[in-house]
Amino acid sequence: MSIGRGIARSELQQRKVEIGSGLLAMRRAGTVRVRAVAARSGAVPVVNATGCDRGPQWKVHKFGGTCVATADRIEDIVQFLHTEDTAEKKLAVVSAMGSHPTSPTKVTDLLLNMIAKASKKDPSFDEDLDALKEKHEKAGTALLGKGADLDAFLGELDADMDNLRAMLKTFSITGMCVDAYEDYIVGHGELWCARLTTARCRQLGMNAGFMDAREVIVVSPTSDGQSVDIHYDASDAKLDAWCDQHGTPDVIICTGFIARTPEGMVTTLKRNGSDYSATIMGALFRSGGITIWSDVDGIYSADPRVVKDAVCLEKLTYNEAWELSYFGAQVLHPKTTIPAMKFNIPVSSRNFFNRAAPGSVICRDYDADALSGEFGVKGLATIPNVALINVEGAGMIGVPGTAASIFGAMRDANVNTIMISQASSEHSVSFAVKQSDSSKAVAALRRRFAEAIRSGGIQNIEAVDDCCILSAVGHGMANQRGVAAMFFSALAKANVNMVAIAQGSSEYNITCLVRQQDATRALRAAHSRFYQKSLPIGIALVGSGLIGSTFLSQLKDQWRKLCDEYHVDFRILAITTSKKMILSDDGVDLDNWRANMEANAVDLDTDAMADHLANSSIPNTVVLDCTASDDPPAEYLNWMKKGVHIITPNKKLNSGDLTRYKDVKKQQRSSLTHFFYEGTVGAGLPVIFTLQHIVSSGDKVKRIEGIFSGTLSYIFNTFGSDDRTFSEVVIAAKEAGYTEPDPRDDLAGMDVARKVTILARECGMDLELDQVSVKSLVPEPLQGVDSADEYLRRLPEFDAEMQSLLEDAEKAGECLRFVGVVDPINRKGSVELRRYPRDHPFASLSGSDNILSFETERYNIQPLIIRGPGAGAEVTAAGCFSDLLKLASYLGAPS
Ligand code: ADP
Ligand code: ASP
Ligand code: MG
């Protein structure tokens with residue numbers, strides 16, 4: 001990972017803008033007439049009798065593609081301008097017709113696609129052109145009705161179509177298209193839409209003028225060709241000329257997106273540029289306010305399509321909006337705020353389809369009370385599909401001009417750098433470029449540094465492909481301690497690896513690079529860390545038998561309290577049985593999960609379940625394996641590699657194959673993926689937790705001895721307490737529901753042997769289950785009998801043997817107990833029937849209690865004893881619950 005005193009490039013650009021705007025800043029006071037502001041000389045604006053009326057009486061609207069996607073929608077905006085908006089003077093910038101279910105392709109996309117097709121000699125551009133024509137003819141007819149207005153519109157449309165067809169034909173013959181022609185063609189969407197809108201406004205009697213922004217806005221492309229800078233003086237002059245020619249209508253309908261260079265060539269403001277057109281127009285008119293109308297309620301704390309819980313921000317500073325849009329928030333073109341900032345014009349981002357919503361206001365002043373996430377983080381955004389270029393070499397240390405050479409090479413190769421990070425050792429410089437520029441950048445650098453590579457001064461120039469930039473932005477982040485730590489730890493906990501980090505010195509943003517495949521997860525994790533009061537954790541309950549369903553009912557009872565008081569929001573994202581499953585995006589309703597299972601369960605597919613967790617909008621997810629089966633443990637490692645945590649009372653992994661167990665533990669240690677299994681020994685008793693603390697705090701375990709089986713605890717606590725024979729006690733235990741359906745499963749000692757193995761491994765012993773010596777209480781001749789009934793019927797035959805063992809013990813003042821023993825000194829584990837004196841803690845056990853005694857170097861004279869109910873669904877589910885809470889606190893839930 002590259003960490004450095006990096007600087008996000010947006011900031012460099014922004015500083016340039018601020019310097020410029022300082023020189024140019026002028027007061028907006030009442031109506032002014034401005035003729036070619038001699039801004040750079042700092043001269044006072046020239047007031048002239050001709051030109052345009054400027055001033056705050058002008059209100060600028062920008063209608064995005066969705067707002068003008070159909071004739072009906074254009075009608076709506078026209079009606080809005082006509083009746084709803086009460087501004088004295090207004091200018092509406094319109095985009096090209098956008099997507100709508102009846103016509104899903106955006107006009108601009110279609111135009112670009114046609115150019116690409118023609119340049120590849122694909123003749124089907126012709127059909128696309130027909131479709132485009134038809135779309136606008138239909139819209140025109142619906143909007144304008146038959147008559148002169150429509151005829152005029154269609155006349156211009158036909159002429160344009162003829163020109164476009166001819167141009168595209170040329171591309172298809174030559175197999176190429178130059179940028180200037182592309183810009184000329186692609187701007188037609190805006191032209192057609194603005195013409196239609198103007199014609200309809202006029203039909204309603206509005207004093208409406210059509211403005212082709214190419215007659216007014218003058219821009220030149222930035223050196224990297226990725227963006228454009230405005231020429232205010234020239235544009236101001238052209239605006240005056242436009243007004244001289246057209247007068248100053250009350251309503252101007254203006255094309256978004258298109259402009260001209262100082263040389264008079266047609267150009268565009270780049271994709272999504274209509275937002276920028278609107279603020280340029282706002283600046284040229286010294287407007288009182290600019291509203292960008294779209295299909296979202298405003299600027300959200302993150303892309304609402306990706307982050308469901310994103311919140312709509314009420315207020316942002318220009319800088320915040322700038323940084324968010326620069327770092328990928330599609331809702332605004334990155335340069336949108338610059339012209340508005342220059343003249344201190346507020347910009348609103350609003351939803352045309354929900355005008356009741358107030359939207360987001362972007363203005364100069366920072367409002368500390370405005371809604372933001374923790375640490376003043378306003379929003380998070382991503383730039384997908386970038387590559388990190390690393391230049392490494394000891395020869396760069398202390399050599400002036402290395403960075404200049406690197407970025408000079410990038411400029412010469414026409415590669416835009418999005419983010420720069422330099423480790424303070426100066427041993428490496430890393431920077432992000434668009435993925436499509438990756439090989440070009442590496443090749444250019446290898447050429448530029450060929451000599452240094454030969455001499456060994458530079459050892460490595462390479463690209464890390466398929467990355468995504470993730471930025472946290474907010475004015476209030478400045479001077480805050482812990483914001484970066486919180487950001488990065490949220491990513492780490494969501495199993496996201498950072499490839500590089502940069503923080504601008506303004507501290508308005510922290511930026512990092514993650515792998516593209518982790519981008520959504522990273523964005524969601526960071527957003528939930530800064531914005532959510534409760535930490536969401538998604539759970540897949542694998543196995544909805546007795547323990548699983550008990551857990552669900554415990555969760556149901558506790559859920560509200562966990563949310564409100566402990567700020568943990570557990571959501572059940574999946575429930576499975578051995579054959580079926582249900583998946584849920586937001587969390588299964590705990591009141592009727594059974595009915596939901598019955599009605600909606602599909603066939604079990606554990607891969608699909610794991611992917612559902614890994615791709616969930618909830619960044620932290622866990623599998624709770626409440627089965628006793630071997631199948632889920634076989635998947636633990638895969639699931640953990642996907643970043644899914646595991647919690648289980650299932651003993652099969654921890655007492656199963658040692659290599660598999662070690663792989664899982666290794667994965668746990670090498671990642672931040674957790675694996676908790678408190679319920680495997682002693683159910684809810686804090687056995688594993690205690691032992692792990694004994695070991696990790698440096699104590700040495702000498703011996704663990706205990707009654708780990710509730711069933712066998714009950715049997716031996718009862719046997720000898722009255723006159724009943726051993727077989728009678730076993731039958732009574734079965735009838736009382738203490739045993740497995742076949743009591744031999746308990747009496748054979750295997751369950752205890754598994755627990756011995758688990759505890760032995762916690763003590764650092766490499767013990768396999770079959771190395772545990774087990775005294776089975778199932779007499780040899782009964783081990784093979786077919787049914788439990790047969791076993792129980794014949795068990796009395798062996799009562800005498802047990803009776804004599806009991807009597808021998810009693811004669812010596814002792815009792816019989818069936819215990820597990822872990823002996824780290826001799827590296828052995830065993831399950832034994834042992835005798836204990838009457839005053840031993842094991843002798844006084846009652847019911848089905850478990851008891852464990854830890855003899856260690858520190859607990860030497862008196863062992864550490866844990867005792868209590870150690871079996872049963874309630875306490876086992878409670879053990880899982882406590883593991884879940886432990887997980888929540890590891891993941892950052894407040895303590
Ligand atoms: P228009 O065509 O109106 O210009 P865009 O599609 O360019 O609209 O931008 C609006 C879209 O931007 C929204 O529909 C939303 O999905 C997306 N978007 C991405 N990031 C954000 C964000 N932080 N806040 C709001 N919208 C966002
Ligand atoms: N129509 C142009 C585009 O799609 C500009 C815009 O909509 O803002 O990029
Ligand atoms: Mg847009």
Side-chain angles (χ1 to χ4, degrees), residues 490 493-495 525 528-529 532-576 584 586-590 593 609-610 612-614 616 618-627 632-633 636 639-640 642-651 653-654 664 668 671-690 692-693 872-895:
K493 284 169 184 163
N495 201 28
S528 90
R529 197 68 199 95
Q532 246 140 10
K533 216 171 126 245
S534 294
L535 174 81
I537 297 181
I539 303 171
L541 175 66
V542 172
S544 48
L546 187 57
I547 295 172
S549 54
T550 306
F551 164 75
L552 288 179
S553 78
Q554 290 178 355
L555 178 63
K556 188 179 118 188
D557 293 344
Q558 195 61 9
W559 193 84
R560 175 71 19 232
K561 193 165 177 177
L562 286 171
C563 252
D564 294 347
E565 290 177 27
Y566 299 93
H567 304 304
V568 190
D569 174 5
F570 289 120
R571 310 267 185 95
I572 301 292
L573 302 184
I575 302 180
T576 76
S584 160
D586 303 317
V588 172
D589 179 358
L590 294 175
W593 66 269
M609 183 202 74
H612 178 69
L613 291 190
S616 160
I618 297 175
N620 295 301
T621 53
V622 51
V623 164
L624 175 57
D625 171 16
C626 287
T627 70
Y636 289 176
W639 292 340
M640 287 171 81
K642 291 180 191 236
V644 176
H645 310 285
I646 310 285
I647 288 177
T648 188
N650 181 351
K651 293 177 276 290
L653 186 288
N654 295 58
V664 167
Q668 181 188 18
S671 66
L672 281 170
T673 320
H674 301 287
F675 172 46
F676 299 144
Y677 41 86
E678 186 59 82
T680 52
V681 182
L685 297 177
V687 174
I688 303 284
F689 175 82
T690 306
Q692 285 175 339
H693 277 75
E874 281 292 338
V875 284
T876 307
C880 300
F881 214 138
S882 106
D883 275 348
L884 274 166
L885 292 170
K886 179 157 100 177
L887 177 70
S889 88
Y890 276 38
L891 295 175
S895 57

Contacts of type ring pair (Phe, Tyr, Trp, His ring centres under 6.0 Å), residue [X], not counting sequence neighbours:
X      : answer
His567 : none
Tyr890 : His674, Phe676
Tyr677 : Phe675

Atom pair [atom1] ([X]) and [atom2] ([Y]), whose distance is rounded to the nearest 0.5 Å:
X      : Y      : atom1 : atom2 : result
Ile539 : Leu884 : CD1   : CG    : 4.5 Å
Leu672 : Asn495 : CG    : CG    : 8.0 Å
Thr673 : Tyr636 : OG1   : OH    : 15.0 Å
Cys880 : Leu555 : SG    : CG    : 11.5 Å

If you look at every heavy atom in [X] and [Y], which pair is closest and at what distance?
X      : Y      : value
Leu685 : Glu678 : O-OE2, 3.1 Å
Asp569 : Ser534 : CB-CB, 3.8 Å
Ser584 : Ile572 : CB-O, 4.0 Å
Ile688 : Val681 : CD1-CG2, 4.1 Å
Val622 : Leu613 : O-CD1, 4.1 Å
Val568 : Ala888 : CG1-CB, 3.8 Å

side-chain contact (heavy atoms from CB on, under 4.5 Å) against [X], all qualifying residues, sequence neighbours excluded:
X      : answer
Gln558 : Lys561, Leu562, Phe881
Thr876 : Ile547, Pro649, Ala683
Lys493 : Ser489, Asn620, Leu891
Ser528 : Gln532, Pro536, Pro619

Check whether any side-chain heavy atom of [X] sits under 4.5 Å from a side-chain heavy atom of [Y], and report yes or no.
X      : Y      : answer
Phe570 : Leu885 : yes
Phe689 : Ser882 : no
Val623 : Met609 : yes

**OP:** With sequence neighbours excluded, give me every salt bridge (Lys or Arg N to Asp or Glu O under 4.0 Å) pair touching residues 546-556.
**Re:** Lys556-Asp591

List in chain and number order the residues that pass side chain to side chain donor-acceptor pair (under 3.5 Å) with [X], two or more places apart in sequence or in another chain; answer none if no residue qualifies.
X      : value
Asp557 : none
Asp589 : none
Thr627 : Asp625, Asn650

Original post:
Please walk me through it: do Leu887 and Ile647 pass side-chain contact (heavy atoms from CB on, under 4.5 Å)?
Top reply: CA-CA 9 Å; Leu887 177 70; Ile647 288 177; 4.3 Å; yes

**OP:** For the pair Val664 and Ile646, evaluate side-chain contact (heavy atoms from CB on, under 4.5 Å) and give the outcome as yes or no after the intermediate values.
**Re:** CA-CA 10 Å; Val664 167; Ile646 310 285; over 6 Å; no

**OP:** Return yes if some donor-acceptor pair links the side-chain N/O of Gln554 with the main-chain N/O of Glu874 below 3.5 Å, else return no.
**Re:** yes

Original post:
If only atom types and distance count, is the side chain of Ser616 paired as donor or acceptor with the main-chain N or O of His612 below 3.5 Å?
Top reply: no

Subject >> Under the salt bridge (charged side-chain N to carboxylate O under 4.0 Å, His left out) test, residues paired with Lys886 that sit two or more places apart >> reply: none

